[in-house]
Amino acid sequence: MLSTLIYSSQLGTGYLPDLDGLAEISRRNNARQDITGILLFDGESFFQILEGDEEAIDSLFDRIRMDKRHDSVVKIMSDHSPARKFGETGMRVLDIRSHNVMDEASLALRQALGTRLPPSDRVIKLIRAFVEGKWRAPNRGACDLPLHETAGAPAGQADGNSEDVPQQNGHCQFALQPIVDALGRHVSSYEALIRSPTGGPPAECFAGKAGDALYEFDLFSKKYAFELAARLGFKEKLSVNLLPMSLVKIPDATGRLDRYLSDYGLKPAQVVIEITEDEAITYYDEFSAALKRLRARGFGLAIDDFGAGFAGLSLLTRFQPEKIKIDRAIVTGIEQDGPRQAIVKAIVECCRSLGITTVAEGVETVEEWCWLQASGIDLFQGYLFAQPRIGAIPGIHWPTRS
Ligand SMILES: Cc1cc2nc3c(=O)[nH]c(=O)nc-3n(C[C@H](O)[C@H](O)[C@H](O)COP(=O)(O)O)c2cc1C
């Protein structure tokens with residue numbers, strides 16, 4: 001099957017661009033594999049379109065992405081088409097600084113590329129986006145930071161029971177994971193993550209509960225999260241997850257949350273309620289009334305797992321929380337994934353306009369953090385900084401200059 005792959009990359013630090021050398025090796029190899037395409041260079045970044053048999057393209061891309069002459073390789077498009085768009089076998093290589101590629105209707109560019117694609121073609125639009133600098137890696141300097149461990153609490157401890165904290169009850173317990181400002185090196189808040197009495201995942205806690213009993217348990221369990229915060233003498237904010245339907249179905253849910261807090265000498269202003277998208281939209285009127293009550297009492301609000309379900313944007317049109325937590329499914333491997341990058345950039349832009357703080361969830365690698373930090377995400381949560389720790393505050397790995 002005919003396959004098209006498009007990626008962008010940045011000239012490797014310390015490498016001089018040798019376009020003639022690249023053109024020669026590419027033409028020779030690609031002709032053998034019946035691969036066509038173009039390679040553009042703008043002085044800093046490459047943009048390559050590869051067309052050919054799917055297997056041949058994938059194996060060439062595997063080779064290219066390991067090439068030390070460039071880095072920050074981002075796959076922008078991988079698609080199939082009935083016919084080639086760039087007929088010339090081998091590889092046409094162009095330094096776009098010497099071509100008037102911004103010419104109206106891209107005529108000059110299309111002539112230079114030897115293609116008859118109309119300006120409305122997606123590939124031509126992607127080329128234009130590259131020419132306009134949209135696929136340059138964001139501020140790479142922010143990423144040159146080694147990770148450094150804080151003194152004090154044991155860093156990155158696994159999600160096990162802390163020895164000095166007794167189990168709280170027979171129903172559930174909570175693990176704490178920090179949400180951090182990585183460059184400012186401070187903890188913005190801790191999320192309390194529910195665990196079963198034996199330390200199992202949330203599903204184990206909720207197993208066998210349905211309908212009102214589920215919502216009742218969901219609400220009541222927050223009491224234990226607040227108890228933990230009080231026991232640990234928390235000064236930071238505490239984030240807790242709440243099913244939207246617990247707010248809708250349980251009479252005076254807000255009042256009960258308030259009472260649980262005051263039992264432990266805590267205030268609503270210390271608590272951020274994280275809400276997942278999906279059910280909220282089905283019962284929006286009741287949900288909206290519950291949100292008003294929460295706000296009136298001073299609770300903070302966040303949309304959790306943003307981008308994981310179908311209702312994220314729809315929910316955002318109706319209510320704007322202080323925080324949006326971008327789902328790990330979008331975050332994982334973002335430094336290599338063009339579509340996810342474009343989506344996150346749009347979320348950052350949108351949240352800036354609306355005054356909403358952005359949090360990236362599930363950050364596990366330095367590369368993910370670097371890309372997200374440089375693109376303007378405010379706060380981070382994930383194993384890179386700290387694993388959740390049951391009944392105790394985990395230590396944190398901070399990025400720092402050596
Ligand atoms: C930006 C860039 C684009 C490249 N494009 C191609 C290409 O289209 N075809 C190719 O065979 N090698 C290309 N290369 C070179 C490959 O990474 C690799 O060096 C080469 O395929 C190795 O060939 P060999 O195994 O025959 O020595 C490119 C390298 C860079 C940095």
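Source: prediction; values computed, not measured.
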query: Should the ring pair F220 and Y260 be called parallel, tilted or perpendicular, given that the plane angle runs from 0 to 90° and is split at 30 and 60?
result: perpendicular
field: Straight-line distance of I64 CD1 to R69 CZ, nearest 0.5 Å
entry: 10.0 Å
- prompt: Would you call the rings of F41 and F46 parallel, tilted or perpendicular, where under 30° means parallel and over 60° means perpendicular?
  reply: tilted
query: With a distance cut-off below 6.0 Å to the six-membered ring centre and an angular limit of 45° from the axis, does R318 pair with Y284 as a cation-pi contact?
result: yes
message: Using side-chain heavy atoms (C-beta onward) and a distance below 4.5 Å, is V272 in contact with L238?
response: no
Within-4.5 Å side-chain heavy-atom neighbours: N241 and E191: yes
query: Between E286 and K249, is there a side-chain N and carboxylate O pair less than 4.0 Å apart?
result: no
Ion pair check, E361 and K325, cut-off under 4.0 Å: yes
query: Between R84 and D34, is any pair of side-chain heavy atoms under 4.5 Å apart?
result: yes
Side-chain touch F206/I194, heavy atoms, less than 4.5 angstrom: yes
- request: Using the ring of W135 (Phe, Tyr or Trp, six-membered ring only), decide whether K345 places NZ or CZ under 6.0 Å from its centre and within 45 degrees of its axis.
  value: yes
field: R195 with E204: basic N within carboxylate O range, under 4.0 Å
entry: no
- request: Assert yes or no for the condition that the ring centre distance of Y264 to F226 is strictly below 6.0 Å.
  value: no
